Amino acid sequence: QVQLVESGGGLVQAGSSLRLSCVASGRAFGMYGMAWFRQAPGKEREFVAGTTWNTRRTEYADSVKGRVTISRDNVENTVWLQMSSLKPEDTAVYYCAADSRAYSAHVLTHAREYDYWGQGTQVTVSS
């Protein structure tokens, strides 16, 4: 079992940067792949970025590639999403998620494949 708590969201202007954090409880964090998803009103939850347990693989959605970086620290049980050059279309609730397949070499990109979710943090980008 792992519990996830996101923070770092807020209201920012277009072109700004934000760093989201997700702190996990439980000893299993270091074994799990982690990802960030987002969901805008009226839209499905979509993959933003993901990393394997050892960060050897990372994946990014085309819509954010070059503007966001996912990172993690398995000692601090934390995963971050650094976002820059934010656009109004980045407005959404951002969720972190854990893939409980221990030591997987692959990054999953579908929400249904993740087992644990945080409560989300709102990011609003004004134009």
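Worth saying up front: this structure is predicted, and the values here are computed from it rather than measured.
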Could you tell me whether the side chain of [Y] reaches within less than 4.5 Å of the side chain of [X], counting heavy atoms only?
X	Y	value
Val107	Phe47	yes
Asp90	Arg38	yes
Met83	Val64	no

At their closest point, which heavy atom of [X] faces which heavy atom of [Y], and how far apart are they?
X	Y	answer
Thr121	Gly9	OG1-N, 3.1 Å
Thr91	Ala40	O-CB, 3.7 Å
Asn77	Gly26	ND2-O, 3.0 Å
Tyr114	Gly33	CE2-O, 4.4 Å
Asp73	Glu76	OD1-N, 3.0 Å
Gln119	Val5	OE1-CA, 3.7 Å

Roughly how far, to the nearest 0.5 Å, is [atom2] of [Y] from [atom1] of [X]?
X	Y	atom1	atom2	answer
Lys65	Glu59	NZ	CD	7.5 Å
Ser7	Arg19	OG	CZ	9.0 Å
Ser104	Met31	OG	CE	12.5 Å
Thr124	Leu86	OG1	CG	11.0 Å

What orientation do Tyr95 and Trp117 show, parallel under 30°, tilted 30 to 60°, or perpendicular over 60°?
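Perpendicular, since the angle between the ring planes exceeds 60°.
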
Examine [X] and [Y] and state if one hydrophobic cluster contains both, with Ile, Leu, Val, Met, Phe, Trp and Tyr joined whenever side-chain heavy atoms are less than 4.5 Å apart.
X	Y	value
Leu18	Met34	yes
Val68	Val12	yes
Leu81	Phe29	yes
Leu20	Leu4	yes
Tyr94	Ile70	yes

Using modelled atom types only, decide if a donor and an acceptor are shared between the side chain of Glu6 and the backbone of Gly120 within a distance under 3.5 Å.
yes

Would you confirm whether Arg57, through its side chain, and Thr52, through its main-chain N or O, come within 3.5 Å as a donor-acceptor pair?
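It does not hold such a pair.
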
Which is it for Tyr60 and Arg67 under the side chain to side chain contact (heavy atoms under 4.5 Å, CB included) test, yes or no, and what are the steps along the way?
CA-CA 10 Å; Tyr60 296 95; Arg67 298 190 297 119; over 6 Å; no

Within 45° of the axis and under 6.0 Å from the centre of the six-membered ring of Tyr32, does NZ or CZ of Arg72 qualify?
no

What do you reckon, is CD of Gln122 surrounded by more than 12 foreign heavy atoms closer than 6.0 Å?
yes

Going by side-chain contact (heavy atoms from CB on, under 4.5 Å), Cys96 matches just one of Tyr116, Trp80, Phe37, Trp36. Which one?
Trp36

